Student: 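The structure under discussion is supplied below as structure tokens; questions concerning it will follow.
Keep in mind that this is a model prediction, so the values were computed, not measured. Basis for what follows: all heavy atoms, side chains included, without hydrogens, waters or symmetry-related copies. Both ligands and their constituent atoms are indexed starting at 1 by order of listing.
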Amino acid sequence: MQYLTIALAKGRLAEQAVDLLEAAGTDCRVVKEKSRKLILEDEQAGLRFILAKPADVPTYVDYGAADIGIVGKDTLLEEGRSLYEVLNLGFGSCRMCVCGPQELSGRMDYLPNKRVATKYPRIARAYFESKRRESVEIIRLNGSVELAPLVGLAEVIVDIVESGRTLQENGLVVLETIAQISARLVVNRVSMKMKAERISNLIEAVRSQLNNVPEHSAGKDNL
Ligand code: PRP
């Protein structure tokens, strides 16, 4: 049997993705076995899971190394790859925001030539240049981005806000919201045609599972 390959974003998203796939009738026992393997195959079911770094999931799907991926909308926006985004899975919900010190609240327009620290340079550039029509200096960081305004590396940051605790504990606030983020199911363009039946069966099973859970609204894109 031809394998169907699903790329999961290693970490918390993968756990929630597996719970959802299982609830939708996909046997995910191979993923749950404790191991450090990065490819997990269920030969009988013709199913293969690959565990990738979240930022790499769109790449595996784009090149067809995986047929399906489950990954955050933040990563999809940042990677900008040409994939079919078929379902909003609801979990992993947070916001992509411009954040900074309270003094800048409502005063962003009065601060020209801002420096913007972020792990998401593409999202930040698109937001400031296309949406706000403002030219900024983007400073790419790899994490703990909230540090940048505290030590004078940047005036503002573009980052994920989930509970808001990191901002609060570092004396920063949300200045503007760029996008609502949550996990999405994406499909490779060729696989969608070549493995149409298996993929659409899986999508429909997941969609109906999401429809059974009140807080989800399957397929509704909130961007
Ligand atoms: C993310 C994000 C924020 C924080 C937001 O960081 O970049 O820093 O979580 O969550 P909160 O609003 O619930 O506090 P992550 O934990 O991924 O670590 P990082 O800073 O190293 O990227």
Side-chain angles (χ1 to χ4, degrees), residues 7-20 31 36 38 49-61 69-81 85 88-106 108 111 114-129 131-132 136-186 213 215-216 221-223:
L8 299 174
K10 270 205 285 186
R12 210 148 49 93
L13 274 194
E15 285 171 30
Q16 288 175 281
V18 164
D19 289 345
L20 176 61
V31 192
R36 292 214 174 172
L38 299 172
F49 294 92
I50 64 175
L51 297 175
K53 280 273 185 196
D56 294 334
V57 168
T59 309
Y60 283 99
V61 178
I70 294 182
V71 66
K73 180 72 182 178
D74 52 337
T75 306
L76 292 173
L77 289 171
E78 185 59 27
E79 292 299 310
R81 293 194 176 264
E85 185 182 321
N88 179 354
L89 304 175
F91 59 81
S93 161
C94 52
R95 288 184 294 161
M96 181 67 67
C97 298
V98 182
C99 311
Q102 175 73 50
E103 308 88 83
L104 282 185
S105 191
M108 284 257 286
L111 184 71
K114 284 186 267 301
R115 292 168 302 168
V116 182
T118 186
K119 276 192 294 190
Y120 301 93
R122 186 185 171 115
I123 296 174
R125 190 169 298 285
Y127 181 71
F128 278 95
E129 292 185 354
K131 196 121 188 229
R132 288 184 53 92
V136 292
E137 183 181 350
I138 305 287
I139 301 174
R140 191 183 182 285
L141 294 177
N142 292 299
S144 301
V145 178
E146 291 83 356
L147 194 53
L150 305 182
V151 295
L153 177 65
E155 283 69 44
V156 296
I157 62 171
V158 165
D159 201 16
I160 292 292
V161 178
E162 195 177 348
S163 66
R165 214 175 137 195
T166 310
L167 286 183
Q168 199 185 14
E169 293 194 7
N170 290 289
L172 301 172
V173 296
V174 170
L175 300 171
E176 283 172 10
T177 296
I178 299 177
Q180 297 294 331
I181 303 295
S182 55
R184 309 296 162 107
L185 189 143
V186 292
V213 183
E215 68 265 30
H216 291 136
D221 206 315
N222 53 11
L223 244 193

Student: Specify the closest pair of heavy atoms between Pro101 and Glu155, including all atoms of both residues, with the distance to one decimal.
Tutor: CD-O, 3.6 Å
Student: Under the rule for salt bridge (charged side-chain N to carboxylate O under 4.0 Å, His left out), what residues qualify as partners of Arg95, not counting sequence neighbours?
Tutor: none
Student: I need the full list of salt bridge (Lys or Arg N to Asp or Glu O under 4.0 Å) pairs touching residues 166-180, with sequence neighbours left out, sorted by first then second residue.
Tutor: Arg132-Glu176, Arg165-Glu169
Student: In this structure, which one of Glu85, Gln180, Glu78 forms a side chain to side chain donor-acceptor pair (under 3.5 Å) with Lys73?
Tutor: Glu85
Student: Pairs of donor and acceptor atoms involving the side chains of residues 139-153, under 3.5 Å and at least two apart or interchain, shall be tabulated with distances.
Tutor:
residue	atom	partner	partner atom	Å
Arg140	NH1	Asn142	OD1	2.9

Student: Might you list the protein residues in contact with ligand 1, defined as having a heavy atom under 4.0 Å from one of its atoms, sorted by chain and number?
Tutor: Lys119, Gly143, Ser144, Glu146, Asp159, Ile160, Val161, Glu162, Ser163, Gly164, Arg165, Thr166
Student: How long is the gap from CD1 on Ile157 to CG on Leu172, to the nearest 0.5 Å?
Tutor: 6.0 Å
